[in-house]
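See below for the structure under consideration.
In listed order, ligands and their atoms are each counted from 1. On a predicted model such as this, the values are computed, not experimentally measured, just so you know.
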Amino acid sequence: MSTTNIAIIGGGNLGTAIANGLLQSSFCDATAITITKRNTTTLTRLQQKGIHVTSDNVAAVKNSNVIIIAVKPFQIKDILQEIQSALTAQHLLISVVTGVSIADMNEMLQHPMAIVRAMPNTAIAIQQSITCITTQHTTTEQNEWVIHLFNQLGKTVLIEEKLMNAATVLGACGTAFAMRYIRANIQGGIEIGFDAATASLIAAQTVKGAAELLLTTQTHPEQEIDKVTTPKGCTIAGLNEMEHQGFSSSMIKGIAASFHKIG
Ligand SMILES: NC(=O)C1=CN([C@@H]2O[C@H](COP(=O)(O)OP(=O)(O)OC[C@H]3O[C@@H](n4cnc5c(N)ncnc54)[C@H](O)[C@@H]3O)[C@@H](O)[C@H]2O)C=CC1
Ligand SMILES: O=C(O)[C@@H]1CCC=N1
């Protein structure tokens with residue numbers, strides 16, 4: 001796909017994160033991006049950076065060839081019905097909506113079309129998302145373009161659609177789970193003597209470093225843990241106490257609960 005105008009329908013948490021990531025990536029000019037919201041007052045900052053901001057979804061679709069739907073699941077049916085008269089075979093539809101299948105979307109539309117489901121997370125705002133992608137009836141060129149797009153905004157994984165709910169939990173809800181883990185570290189750090197700002201810096205950078213170790217060296221977490229745990233030392237004492245208190249079990253149960261909530 002050569003010239004590309006991108007419309008983001010739904011300028012909420014994820015929609016604005018995608019817009020910010022696109023701006024930062026220089027993937028396209030700000031003027032090639034349109035973002036919509038019924039009340040656009042919260043989008044002023046994006047407008048100041050050159051992005052088109054409007055509450056007119058149909059106009060946004062007409063002026064774009066890639067449409068990213070970023071509304072809540074209960075809002076997608078109305079949105080698709082609103083924009084379908086403006087959708088043509090030249091449009092590529094990308095949905096980041098949770099739990100709504102490609103078949104569901106095609107049922108909501110009068111005419112079936114090429115649809116991609118993408119599941120990014122909010123770190124897309126700083127080009128650090130993991131985005132799981134599944135496609136149907138798209139061309140190889142469209143698939144390559146979508147992967148190229150999300151590669152500018154972090155890392156991508158192509159998955160089968162049946163794994164999309166699992167991807168939502170691990171990759172998208174995962175940002176919140178990681179934040180809670182970091183927050184607990186900060187709370188512990190304050191209890192053992194740090195001020196909140198210093199505890200926050202140490203906790204966040206430590207988690208970032210641990211993640212980078214895995215991504216860079218491709219090792220298993222337990223191999224990295226072995227390098228930290230001195231026999232009879234403080235690390236293993238802390239780890240064992242965490243496990244006695246149900247740390248891994250609570251994470252696994254939380255992930256499963258999150259998964260079952262989607263449906
Ligand atoms: N927030 C996250 O971390 C992630 C969210 N998702 C999915 O992305 C979708 C959006 O999530 P959020 O951004 O968190 O929700 P949100 O509620 O913050 O954003 C949705 C936006 O759509 C706007 N909207 C509603 N009706 C509209 C209409 N008729 N025309 C234009 N805009 C309209 C709302 O005003 C709101 O700003 C959801 O389906 C969610 O499950 C997926 C991955 C991560
Ligand atoms: O909590 C939710 O339903 C959405 C899905 C992924 C992140 N937030």
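Checked by distance only, ligand 1 and E82 stay at 3.5 Å or farther apart across all their nitrogen or oxygen atoms.
Residue A172 touches ligand 1 through its side chain alone, judged by heavy-atom distances below 4.0 Å. Of the heavy atoms in K37, both backbone and side-chain atoms come closer than 4.0 Å to ligand 1. When non-hydrogen atoms are compared, ligand 1 lies under 4.0 Å from neither the backbone nor the side chain of A17. By the criterion of a heavy-atom distance under 4.0 Å, neither the backbone nor the side chain of T42 is placed next to ligand 1.
When V71, T122, V97, T168 are ranked by how near their heavy atoms come to atom 38 (C) of ligand 1, first place goes to V71. Closest heavy-atom approach to atom 8 (O) of ligand 1 within the set T98, V96, I69: this belongs to V96. When the options G12, A70, A176, G15 are ranked by their closest heavy atom to atom 10 (C) of ligand 1, first place goes to A70.
Annotation: side chain of I8 is in contact with side chain of I33 (closest heavy-atom distance under 4.5 Å). Counting only heavy atoms from C-beta outward, the side chains of K155 and F150 never approach each other to under 4.5 Å.
Heavy-atom proximity to T36, at under 4.0 Å, picks out these atoms of ligand 1: 31 (C), 32 (N). Remark: ligand 2 atoms within the under-4.0 Å shell around heavy atoms of T168 are 5 (C), 6 (C). With ligand atoms numbered from 1 in the order given, ligand 1 contributes 43 (C), 44 (C) to contacts under 4.0 Å with heavy atoms of P120. Shown in contact with M119 at under 4.0 Å from a heavy atom are these atoms of ligand 1, numbered in order with element: 42 (C), 43 (C). Listed by number with element, the atoms of ligand 1 under 4.0 Å from a non-hydrogen atom of N57 are 28 (C), 29 (N), 30 (N), 31 (C). Residue G11 has at least one heavy-atom neighbour below 4.0 Å for each of these atoms of ligand 1: 37 (O). Near A172, the atoms of ligand 2 lying under 4.0 angstrom from a non-hydrogen atom of the residue are 6 (C).
In terms of protein heavy-atom proximity, atom 29 (N) of ligand 1 is nearest to I79 CD1, 3.2 Å. Residue, atom and distance of the protein heavy atom nearest to atom 11 (O) of ligand 1 are K72 NZ, 4.2 Å. Nearest protein heavy-atom contact of atom 34 (C) of ligand 1 is R38 NH2, 4.2 Å. The protein atom (non-hydrogen) at minimum distance from atom 13 (O) of ligand 1 is L14 N, 2.8 Å. With hydrogens left out, the protein atom closest to atom 1 (O) of ligand 2 is C173 SG, 4.8 Å, a heavy atom. Nearest non-hydrogen protein atom to atom 22 (O) of ligand 1 is G10 CA, 3.4 Å. Atom 5 (C) of ligand 2 has as its closest protein heavy atom T98 OG1, 3.2 Å. Closest to atom 18 (O) of ligand 1, if we only count protein heavy atoms, is N13 N, 2.9 Å.
Inspection of the E224 and T219 side chains reveals an N or O donor paired with an N or O acceptor under 3.5 Å.
Under a hydrophobic clustering in which Ile, Leu, Val, Met, Phe, Trp and Tyr are joined whenever their side-chain heavy atoms come within less than 4.5 Å, directly or via other members, I68 and L23 fall into the same cluster.
Judged as a salt bridge (Lys or Arg N to Asp or Glu O under 4.0 Å), the pairs with a partner in residues 109-137 (not counting sequence neighbours) are, in order, R117-E161.
Under a cut-off of 6.0 angstrom, the local environment of CZ in F194 is sparse, with at most 12 non-hydrogen atoms contributed by other residues, nucleotides or ligands.
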Q: Start with the C-alpha gap between N65 and L92, add the side-chain angles, then the distance that decides, and say whether side chain to side chain contact (heavy atoms under 4.5 Å, CB included) holds.
A: CA-CA 6 Å; N65 42 355; L92 176 64; over 6 Å; no

